[in-house]
Number of protein chains: 2
Amino acid sequence: MFRLSKKSDYGLIALKHLAQHNEESISAREIAARYHIPAELLAKVLQRLVRKGLLASQQGINGGYILARDPATISIVDVVEALEGPISITPCERGDDCQQLQMCSVRDPLLKIKAKVVRVLGDTSIYELATN
Amino acid sequence: MFRLSKKSDYGLIALKHLAQHNEESISAREIAARYHIPAELLAKVLQRLVRKGLLASQQGINGGYILARDPATISIVDVVEALEGPISITPCERGDDCQQLQMCSVRDPLLKIKAKVVRVLGDTSIYELATN
DNA sequence: ATAAGTCCGACTGAAATGGTCGGACTTAGT
DNA sequence: ACTAAGTCCGACCATTTCAGTCGGACTTAT
């Protein structure tokens, strides 16, 4: 519950590492070895971050990944949403019509709470992760 | 991601309903019908809340559930933790030794964020849910 | 031109969740 | 005191989601 998936975990680790070694291209294999992460899985995570515009990839023999934006402008929410889709507190939010909507008596309060949580996650950037 | 399970959702709905109809015993079946929730599933949720001391159950022909504590003293965190165990942001927290601990470069920052999230969830009580 | 090394998308296995079923208990009425 | 209705309660099964794996396509330095 409320546990972020390993995909997000791995993504944050990689982004932090890239932020600390900025301006140089680092391969997925290298990061994976450094943190004992399955290489192919990390590659899949990173390629998804590329598609979402957070990373840039360089193919070829000395290729790798590099940050596409200033780490100070990348928040944890950005990473999580890129890897797992929009974050939703309530099950109802996902297009399901909520099984007769079950009167949704708790929907509105939970949406407010979600907003607060998102704000908390948005307050921390990759830059802060890398320097603190 | 960050989605609370239906168990928690149902639990919150039921507690809110019980808080709004305080001092009277209400059966799981009745609440389930009111909000279109599978009756047996809701019963399982409620019985778990009983075991955790949030509700009191009354068996017999006119039995049902009733709040065991002042709704103002029950926060959303209490409900969620009662139904899904301690909330953990990082996968590492759960006793697993984190696969060589993967240097856990993001562990500490995430723990701080978790604390903030818990505070947000703890700020809202069932009483507020029922009155607002 | 070749080959090493990388990124990339699709497939498989495992865990957690949602949901269901039958049993045990308690209580009101006769 | 007995009966029967109605409730709580714990164990079981199906489904979805997630973690992880494998093979292919591309790019680049030699």
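Each chain gets a letter, A, B and so on, in the order its sequence line appears, and its residues count up from 1. It should be emphasised that the depicted structure is a prediction, and the values quoted were computed from it without experimental measurement.
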Can you check whether [X] has a side-chain N or O nearer than 4.0 Å to OP1 or OP2 of [N]?
X	N	answer
B/Arg29	D/dT7	yes
A/Ser5	D/dT17	no
A/Tyr10	D/dC18	no
A/Ser57	C/dC8	yes

Quiz item: For A/Arg69, which residues count as a salt bridge (charged side-chain N to carboxylate O under 4.0 Å, His left out) partner, sequence neighbours excluded?
Solution: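 Partners of A/Arg69 under the salt bridge (charged side-chain N to carboxylate O under 4.0 Å, His left out) test: A/Asp78.
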
Exercise. Please confirm whether the backbone N or O of B/Ala82 pairs with a side-chain atom of B/Arg48, one donor and one acceptor, at under 3.5 Å?
Key: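 Indeed, once roles are kept as given, a pair shorter than 3.5 Å links the two residues.
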
Write down the distance between [atom1] ([X]) and [atom2] ([N]), rounded to a whole number of angstrom.
X	N	atom1	atom2	answer
A/Ile37	D/dG20	CD1	P	10 Å
A/Leu46	C/dG9	CG	P	13 Å
A/Leu41	C/dC7	CG	C1'	15 Å
B/Gln47	D/dA11	CD	C1'	11 Å
A/Leu4	D/dA19	CG	C1'	14 Å
A/Arg48	C/dA10	CZ	C1'	14 Å
B/Ile66	D/dT7	CD1	P	16 Å
B/Leu55	D/dC8	CG	C1'	13 Å

Quiz item: With a 4.5 Å heavy-atom cut-off, do A/Leu15 and A/Leu55 have their side chains touching?
Solution: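 A/Leu15 reaches A/Leu55 side chain to side chain.
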
Practice problem: State, with a plain yes or no, whether a side-chain heavy atom of B/Lys114 is found less than 4.5 Å away from one of B/Val117. | Solution: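 No, their side chains stay 4.5 Å or more apart.
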
Quiz prompt | Intermediate values then yes/no, side-chain contact (heavy atoms from CB on, under 4.5 Å), A/Leu49 and A/Leu83 | solution = CA-CA 7 Å; A/Leu49 291 177; A/Leu83 291 176; 3.9 Å; yes

What nucleotide among [options] has an atom nearest to a side-chain atom of [X]?
X	options	value
A/Arg51	C/dC7, C/dG18, C/dG9	C/dG9
B/Lys6	C/dG18, D/dG10, D/dG20	C/dG18
A/Lys7	C/dC8, C/dG18, D/dA19	D/dA19

Quiz item: Can a donor-acceptor pair under 3.5 Å be found between the side-chain atoms of A/Lys44 and the base atoms of D/dG20?
Solution: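 Counting by modelled atom types and ignoring angles, a donor-acceptor contact under 3.5 Å is found here.
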
Quiz prompt | B/Ser8 and B/Glu84: side chain donor to acceptor below 3.5 Å | solution =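 The criterion, which ignores hydrogens and geometry beyond distance, is satisfied for B/Glu84 and B/Ser8.
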
Quiz prompt | Spacing of CD1 belonging to B/Ile31 relative to CD1 belonging to B/Ile37, to within rounding of 0.5 Å | solution =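 B/Ile31 atom CD1 to B/Ile37 atom CD1 measures 8.0 Å (nearest 0.5 Å).
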
Grab the N/O contacts between the protein and nucleotides 23-30 of chain D below 3.5 Å, and write none if there aren't any.
{"unit_1": "D/dT27", "atom_1": "O4'", "unit_2": "A/Gln59", "atom_2": "OE1", "d": "3.2"}

